[in-house]
Amino acid sequence: MCGIVGYVGEEQATPVLLNALKKLEYRGYDSAGIAVLDSGRLTVRKAKGRLRVLEEKIATEVIRGHIGIGHTRWATHGEPSDVNSHPQTDVSGKIAVVHNGIIENYAKLKAWLESNGVEFRSETDTEVIAHLVNFNYNGDLLAAVIETIKKLEGSYAIGVICGNEPDRIVAARKDSPLVIGKGVHENLLASDVPALLEYTQDVYYLDDREIAVLYADRTEFYDDYGARREKQSVRVEWDISAAEKNGFEHFMRKEIHEQPAALANTLRTRIKTYAAKSINLEEIGFSPDWAKAGRVVITACGTAWHAGVVGKYVFEHFARVPVDVDIASEYRYREPILNPHDIFIIISQSGETADTLAAMRMAKTAGAKILAITNVVGSTLAREADLVMYTRAGPEIAVASTKAFTTQLVCLYLLAFQFGLLRGTISPERLETLIRELESLPDKAREILREESGIQRFAARQFNKDKVFFMGRLFDYAISLESALKLKEISYAHSEAFAAGELKHGPIALVDKGTLVVALCTQSALFDKMESNIKQVKARGASVLVLTYRDEERFNGSADAIFRIPRVPDELTPVLSVIPCQLFAYYCAIQRGHDPDKPRNLAKSVTVE
Ligand code: F6R
């Protein structure tokens, strides 16, 4: 997904812009560019490919100027090319624009501009914005941007500079994130916090339809009618080391290893330890009314949806409340039946996923109560939901989600346990036992990570398999879904997940000597069933890897290899069983020669459909 940066201040803008763009590389991109102003003269440099290509292109020239904007582009309109890269400029060559999002009415606007004599150079929707700003420009860039965004349909986060006003950047957003960094004698603009952390930890999260005007010594905020607004900055608790690799070769491995600390962070302050142990959700504003819900609807995409599948089993088991779990892109386009007593749990690491936000807004318009589980403070989801439970995983930079997933699970357990207590399906004594089990998860995750080399060795033997199937029942089925996704997105091995009971209803047709089957076996009541599934795939020549408890002897001898996890109640295994599968995906990607942090065709934050 595209990344925006902007700088105005005492430093030379070019190195700051390039450095900040590097921190946004994780979002995925196929070209990059910068525009810098020096005494009103605009210099624009762009290049297809990685940032390195842009850096090489400008290595021999000095681009001076204390104000500029930069962009990493992930192509949506027009192929990746130098000309389609951002910044895009207007006909006068004075105005430069960087843009994230999609302008849905761009064809209409383009036709109108062309009928007024404008010649387009690129295939981008963004070029329309540059020409419109020029068309509306009457000596005041802010007024021109306000007029321009009135005409735009779709989503946008934009940064605009103009040669006639070399002291300010105008930025605006709708349905695409934008953060302003408040520095000393400098101010910055970015799509995401990691780009700012080297310069400041004080940020302003721009709201939808809000406009920011950045000067070296201040930032002013306006609504989309041009009225001034006061805004408070927020201190980001992450520091720069949290957003960097800290000695790990890849962000993904670092983030897998951060899970024990992240899980402890998610639990921190949410458990009352005086007298009996209980759950404390006061911080999120949770009131007992929420637990009276007639139904819980969980909506999300990708990995977050897999957390939702676990959530369904957890809520139904512990709180005996009916749960529907929906993929957000399906939910928003069918005709879901909403009841006034439903509550919605919307899960999103980034809090910016377009389909997830659309589903949330549909539910909200219908009057439903929304509880968000997200990792990003100040994200659109966090701002629009009624209640927000932060996962507190710290920045997740690798495209493949790991620590965000396990911390989402812990949030769902905390909520389900509290629902159970309030609905009378969990006694205070059982709650205490369950809380102790939750509290043991960080240490147990640490134990699994200590056995990483075993998983690495197994991946070294199996990474070349044509097909990898993950199968399990109940909670193990949910983790099979997540494990298959992880493997395919970073190693590009063909991997699928299915409920083990479905084996005979189709998937077994594909099982042969070239197949690896990972059988997740942590649901004790169904061990017999899993054993017979394992026999069926082995009989067809598949290699089998079993994942089960450390002290479980049942599967000895029935598999080619066994990964073992510490024992927890069967309903809590997802938080642990996914960890070896994350590591397996990571090491398969490495063995296959792929960079796990930058999987092809994928972006970290999917802010368009
Ligand atoms: C997979 C992955 C994606 C995201 C999905 C939703 O590793 O990261 O499947 O889970 O795009 O993203 P968020 O959680 O930001 O809404």
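Counting from 1, the numbers follow the sequence of the chain as shown. Values below: all heavy atoms of this structure, side chains included; hydrogens, waters and symmetry mates excluded. Counting starts at 1 for both ligands and their atoms, in listed order.
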Self-check item: Element-labelled atoms of ligand 1 that are located less than 4.0 Å from some non-hydrogen atom of Ala304
Solution: 10 (O), 14 (O)

Exercise. Please identify which atoms of ligand 1 are closer than 4.0 Å to at least one heavy atom of Lys486.
Key: 1 (C), 7 (O)

Exercise. Return yes if a side-chain donor-acceptor contact under 3.5 Å exists between Asp476 and Thr522, otherwise no.
Key: yes

Quiz item: What residue and heavy atom of the protein are closest to atom 2 (C) of ligand 1, and at what distance?
Solution: Thr303 OG1, 3.7 Å

Practice problem: Report the part of Glu352 (side chain from C-beta onward, or backbone N, CA, C, O) that has a heavy atom under 4.0 Å from ligand 1; answer both or neither where that applies. | Solution: neither

Quiz item: Going by heavy atoms, is His306 under 4.0 Å from ligand 1?
Solution: no

Practice problem: Ignoring hydrogens and angles, state whether a donor on the side chain of Tyr413 or Glu571 is under 3.5 Å from an acceptor on the partner side chain. | Solution: no

Quiz item: Nearest protein heavy-atom contact for atom 14 (O) of ligand 1: which residue, which atom, what distance?
Solution: Gln349 N, 2.7 Å

Quiz item: What residue and heavy atom of the protein are closest to atom 6 (C) of ligand 1, and at what distance?
Solution: Cys301 O, 3.3 Å

Quiz item: So which heavy atom on Lys598 is nearest to which on Tyr492, and how close?
Solution: O-OH, 4.2 Å

Quiz item: Strictly by modelled atom types, are Ser191 and Asn100 linked by a side-chain donor-acceptor pair under 3.5 Å?
Solution: yes

Quiz item: Counting each atom of ligand 1 from 1 as listed, which ones have a heavy atom of Ser401 under 4.0 Å away?
Solution: 7 (O), 8 (O)

Quiz item: Under the 3.5 angstrom rule, does the side chain of Ser495 hit a backbone N or O of Ala484 as a donor-acceptor pair?
Solution: yes

Exercise. For the residue pair His71 and His86, categorise the inter-ring angle as parallel (less than 30°), tilted (30 to 60°) or perpendicular (more than 60°).
Key: parallel

Practice problem: Report yes or no: do Thr303 and Glu482 form a side-chain donor-acceptor pair below 3.5 Å? | Solution: yes

Practice problem: Could you check atom 12 (O) of ligand 1 against the protein and tell me its nearest heavy-atom contact, residue, atom and distance included? | Solution: Thr353 OG1, 3.4 Å

Practice problem: Would you mind listing which atoms of ligand 1 come within a distance below 4.0 Å of any non-hydrogen atom of Glu489? | Solution: 1 (C), 7 (O)

Quiz item: Can you list the ligand 1 atoms lying under 4.0 Å from a non-hydrogen atom of Ser350?
Solution: 13 (P), 15 (O), 16 (O)

Exercise. Please identify which atoms of ligand 1 are closer than 4.0 Å to at least one heavy atom of Ala400.
Key: 7 (O)

Quiz item: Considering only protein heavy atoms, which is closest to atom 8 (O) of ligand 1, and at what distance to one decimal place?
Solution: Val399 O, 3.3 Å

Practice problem: Around atom 11 (O) of ligand 1, find the nearest protein heavy atom and jot down its residue, atom name and distance. | Solution: Val606 CG2, 4.0 Å

Quiz item: Between the side chains of Ser401 and Glu396, does any donor sit under 3.5 Å from an acceptor?
Solution: yes

Exercise. Could you tell me whether Gln408 and ligand 1 have an N or O pair separated by under 3.5 Å?
Key: no

Exercise. Kindly assign one of parallel, tilted or perpendicular to the pair Phe584 and Phe563, based on the angle between their ring planes and the thresholds 30° and 60°.
Key: perpendicular

Quiz item: Is the distance between the ring centroids of Phe318 and Phe417 under 6.0 Å?
Solution: yes

Quiz item: Which of the numbered atoms in ligand 1 are below 4.0 angstrom from a heavy atom of Ser348?
Solution: 13 (P), 14 (O), 15 (O), 16 (O)

